[in-house]
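Just so it is clear: chains get the letters A, B, ... in the order the sequence lines come, proteins before strands, and each one is counted from 1. In what follows, every heavy atom counts, from backbone to side chain, and hydrogens, waters and symmetry copies are set aside.
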Amino acid sequence: MSKSKLLEKNFIQKIIEEDKSSNKWDGRVHTRFPPEPNGYLHIGHAKSICLNFGIAEKNNGQCNLRFDDTNPLKEESEYVKSIIEDVKWLGFSWYGQPFFASDYFEQMYEYAIKLIRKGKAYVCDQSNEEIRNCRGTLKNPGQNSPNRDRSIKDNLLLFKRMKAGEFDNGAKTLRAKIDMSHPNLNMRDPVIYRILHAEHHRTGNKWCIYPMYDWAHGLEDSIENITHSICTLEFEDHRPLYDWYLAELGVYHPQQIEFARLNINYTVVSKRKLKKLVDSKIVDGWDDPRMPTISGLRRRGYTPSSIREFSKNVGVTKRNSVIDVVRLENSLREELNKTAPRVLCVIDPIKIIITNLPEDHEELMQALNNPEDPNSGKRELLFTRELYIEKSDFMEDPPRKFFRLAPGREVRLRYAYFITCNDIIKNKEGEIKEIHCTYDPKSRGGKSPDGRKVKGTLHWVSASNVINAQVKIYERLFDKEEPEKEENLFDALNPDSCQIFKDSKLEKSLQNATNQTYQFERLGYFKKDSKLSHKEKNIYIRVVSLRDSWAKINKR
RNA sequence: UGGGGCGUAGUAUAAUGGUAGUACACCUGGUUUUGGUCCAGGCAGUUGGGGUUCGAAUCCCUGCGCCCCAGCCA
């Protein structure tokens, strides 16, 4: 708590505190989260959501959820639905009902007429290409449109005819009359309305002219009485235009503040690129557990609180930065370590025969449900002559630092006995079929009365008391640190981002498993894939691995 | 000088002109029936150069580097 408290005062919060003390907005704080419904929300949006809703919460203000749906060509109600679900899931509640920019189309249109009447906007006949050619370059000024000095009367008439649908797509635009030689390209007579004969997901065919972002966004903020309009850095250049429109209209004028968007290594946070992954079927939809979408993280097993904690910890500044993806994973591990019940499961099994045990031997061993939580209680594990352990926990010819089972070596079976490997049974192909061991009856519970120490403790399950399951181990989707920088996104893909184990053996107690996340001891956190599992089939996915210092040593 | 931003350990982020701190990563060691957790310690930083000042990450000057902008996308 104190740790995160220190991190809470970012530069935006400071601005807000200054505004409060100067009573700039009568002490109000009203933010908004304004997604365009053209894709699913991702972890980058989560940061923005946590910022906007968090700032409002912290300052006893409100935050609107507003769909910035001004482009009928890209937007769908499927996305609206998912966005609502995702924001809710993250644990935030917005002010009133969700708002839609499209609900303000009429008002925006009236404001445009007001601007025309003021002589500050004109209908332009130039084509897309002509406008581009006349815009000038970064270093050279642009040229005025031939229609720039059209009379107010003509502009009014033409604009009404645009709205009435008398012109084709792209035939005319409404433009602001600012300055074609302005050093900021956004101020060179920007387009306010374009003609788009397209069906809108909410207004249907009522409109054939649609407002551009710069025009629409400030008005939306103004109409909703927003105080602080928080957006990302690339809109810094648009702020002069945001301010110009609201000032010319003489309407309520919120303050736009820009912050740096979230970047995470080994992942992409671009709706366009994520859509490409979905459309090309490289992933199993927007909610594929490898996707950095909110829905993907949810299916993967991320908790809302771990995402909120992460968002808070990465901070809010104006510098572009790249956050290490392990910080996201760590915030999840930190929570799951405290909450996840432990079980013993073998993902990639190999059989062990305890040769000094009778065939029908059955013995119940006591196991802690969670060593981190003394109130979590105990459960029983069945110990029998035939067991499974993890293939990777045995080596025929182990390196020095391998603490696990090997010929002649003694290890502990968690919550059970010490066992020693005596023999290896192979098939004709030379593959190991079973490992023969003897157990030390005096080491029951995992302690030896003679004080003998063993270095390794292995997880295991009884061969006669298991649940069969399929387990999916996900690795990062990209193996390049900055996949966004790759010329071809697909070149950055990790070919082994999903490994499937079809013959995993789960501890029997999991037959009553709920949808919660369990720790498979020594392996990581796992949960049932609620989308793919059904009664006859168990599919578990690895939510996140445990920290693995052995893997690190082994790599060297 | 087209315009707008940004430069603090490997990464990220703090520090009213007053001891450059924190987290993650990395390295040591301790505890441990999870090579997990936990605990202790270590490594490591103000973009360069000037100036103001008793004192500069912070103020001034001047370099250098990085990001964004020429959609009728948002």
Trainee: Does RNA chain B take part in any stems of at least 3 consecutive Watson-Crick or G-U pairs (both distances under 3.5 Å), and if so, which ones?
Mentor: B:2-7 with B:64-69, B:10-13 with B:21-24, B:26-30 with B:38-42, B:47-51 with B:59-63
Trainee: Would you give a per-nucleotide map of nucleotides 40-45 of chain B, 5' to 3', where B means the base has a protein non-hydrogen atom under 4.0 Å away, S means only the sugar-phosphate does, and - means neither?
Mentor: ------
Trainee: Answer whether the closest heavy-atom distance between the side chains of A:Pro398 and A:Arg404 falls below 4.5 Å.
Mentor: no
Trainee: When the aromatic ring centroids of A:Tyr525 and A:Phe520 are compared, is their separation below 6.0 Å?
Mentor: no
Trainee: Who pairs with A:Glu36 by salt bridge (Lys or Arg N to Asp or Glu O under 4.0 Å), at least two apart in sequence or on another chain?
Mentor: none
Trainee: Applying salt bridge (charged side-chain N to carboxylate O under 4.0 Å, His left out), which residue pairs with at least one partner in residues 125-136 of chain A are found, sequence neighbours left out?
Mentor: A:Asp125-A:Arg150, A:Asp125-A:Lys172
Trainee: What's A:Lys271 touching, base or sugar-phosphate or nothing? Going by heavy atoms closer than 4.0 Å.
Mentor: nothing
Trainee: Please state the C1' separation for the pair B:G63 and B:G7 - nearest whole angstrom.
Mentor: 14 Å
Trainee: Let me know the distance between NZ of A:Lys14 and P of B:U13, rounded to the nearest Å.
Mentor: 13 Å
Trainee: Between A:Val322 and A:Gln519, who's closer to the 5' end of RNA chain B by nearest nucleotide?
Mentor: A:Val322
Trainee: Return the value, rounded to whole Å, for the distance between atom CZ of A:Arg327 and atom P of B:U11.
Mentor: 13 Å
Trainee: A:Asp324 vs A:Tyr266, test: side-chain hydrogen bond (donor to acceptor under 3.5 Å, both in side chains). Steps then yes/no.
Mentor: CA-CA 8 Å; A:Asp324 193 337; A:Tyr266 299 104; over 6 Å; no
Trainee: Tell me the interatomic distance from A:Ile323, atom CD1, to B:A25, atom P, rounded to whole angstroms.
Mentor: 14 Å
Trainee: Can you give me the N/O atom pairs linking the protein to nucleotides 65-74 of chain B at distances under 3.5 Å, or say none if there are none?
Mentor:
from  : atom 1 : to       : atom 2 : distance (Å)
B:C67 : O2'    : A:Asn320 : ND2    : 2.9
B:A70 : O2'    : A:Arg135 : NE     : 3.1
B:G71 : OP2    : A:Arg135 : NH2    : 3.3
B:C72 : OP1    : A:Arg135 : NH2    : 3.3
B:C72 : OP2    : A:Arg135 : NH1    : 3.1
B:C72 : N3     : A:Gly170 : O      : 3.3
B:C72 : N4     : A:Gln126 : O      : 2.8
B:C72 : N4     : A:Asn128 : N      : 3.0
B:C72 : N4     : A:Gly170 : O      : 2.9
B:C73 : OP2    : A:Arg194 : NE     : 2.9
B:C73 : OP2    : A:Arg194 : NH2    : 2.8
B:C73 : O3'    : A:Arg194 : NH2    : 3.2
B:C73 : O2'    : A:Asn71  : ND2    : 3.0
B:A74 : OP1    : A:Thr70  : OG1    : 2.8
B:A74 : OP1    : A:Arg194 : NH1    : 3.2
B:A74 : OP1    : A:Arg194 : NH2    : 3.1
B:A74 : OP2    : A:Tyr213 : N      : 2.9
B:A74 : O3'    : A:Asp68  : OD2    : 2.8
B:A74 : N6     : A:His238 : NE2    : 3.3

Trainee: Applying side chain to side chain donor-acceptor pair (under 3.5 Å), name anything that partners A:Gln256, two or more places apart in sequence or on another chain.
Mentor: A:Glu258
Trainee: Here's a test of your reading of the structure: between A:Thr317 and A:Arg412, which maps to the more 5' nucleotide of RNA chain B?
Mentor: A:Thr317
Trainee: Round to the nearest Å and state the distance from A:Asn369 atom CG to B:U34 atom C1'.
Mentor: 15 Å
Trainee: Under 4.0 Å between a side-chain N/O of A:Arg522 and OP1 or OP2 of B:G36, yes or no?
Mentor: no
Trainee: Could you check how far CZ of A:Arg414 sits from C1' of B:G35, rounded to whole Å?
Mentor: 13 Å
Trainee: Taking the six-membered ring for Trp and the single ring otherwise, decide whether the centroids of A:Tyr79 and A:Tyr40 are under 6.0 Å apart.
Mentor: yes
Trainee: Tell me the interatomic distance from A:Arg261, atom CZ, to B:C6, atom P, rounded to whole angstroms.
Mentor: 17 Å
Trainee: A:Phe383: which residues meet the ring pair (Phe, Tyr, Trp, His ring centres under 6.0 Å) condition with it, sequence neighbours left out?
Mentor: A:Tyr417, A:Trp460
Trainee: My understanding is that only residues two or more places apart in sequence, or in another chain, count here; which of them pass salt bridge (Lys or Arg N to Asp or Glu O under 4.0 Å) with A:Arg379?
Mentor: A:Glu507
Trainee: In chain order, what residues pass the ring pair (Phe, Tyr, Trp, His ring centres under 6.0 Å) check against A:Phe402, with sequence neighbours excluded?
Mentor: A:Trp550
Trainee: Are the ring centres of A:Tyr104 and A:Phe99 closer than 6.0 Å?
Mentor: no
Trainee: If you compare every side-chain N and O of A:Lys139 against the phosphate oxygens of B:U1 (OP1, OP2), does one of them come in below 4.0 Å?
Mentor: no
Trainee: Can you tell me if A:Asn313 touches the phosphate of B:U22, counting only side-chain N or O atoms and a distance under 4.0 Å to OP1 or OP2?
Mentor: no
Trainee: With distance as the sole criterion, do the side chain of A:Arg239 and the base of B:G4 form a donor-acceptor contact below 3.5 Å?
Mentor: no
Trainee: Using a 6.0 Å distance limit plus a 45 degree cone around the ring axis, check whether A:Lys527 lies over the aromatic ring of A:Tyr540.
Mentor: no
Trainee: Using the test side chain to side chain contact (heavy atoms under 4.5 Å, CB included), find all partners of A:Thr137 that sit at least two apart in sequence or belong to another chain.
Mentor: A:Lys139, A:Asn140
Trainee: Rounding to an integer number of Å, can you tell me how far A:Phe259 CZ sits from B:U13 P?
Mentor: 12 Å
Trainee: Could you tell me which residues satisfy side chain to side chain contact (heavy atoms under 4.5 Å, CB included) with A:Lys276, sequence neighbours excluded, listed by chain and number?
Mentor: A:Phe490
Trainee: Taking only N/O atoms, report every protein-nucleotides 37-39 of chain B pair under 3.5 Å with atom names and distance.
Mentor:
from  : atom 1 : to       : atom 2 : distance (Å)
B:U37 : OP1    : A:Arg547 : NH1    : 2.0
B:U37 : O2'    : A:Asn337 : ND2    : 3.2
B:U37 : O2'    : A:Glu372 : OE1    : 3.1
B:U37 : O2'    : A:Glu372 : OE2    : 3.4

Trainee: For B:G36 versus B:G29, give the span between their P atoms, rounded off to a whole number of Å.
Mentor: 14 Å
Trainee: Among A:Asn184, A:Leu185, A:Asp189, exactly one meets side-chain contact (heavy atoms from CB on, under 4.5 Å) together with A:Met187. Which residue is that?
Mentor: A:Asn184
Trainee: When you measure from the side chain of A:Val326, which nucleotide among B:G5, B:C24, B:G35 comes out closest?
Mentor: B:C24
Trainee: Round to a whole Å and report the spacing from CZ of A:Arg342 to P of B:U34.
Mentor: 11 Å
Trainee: Taking syn as within 90° of 0 and anti otherwise, name the glycosidic form of B:G71.
Mentor: syn
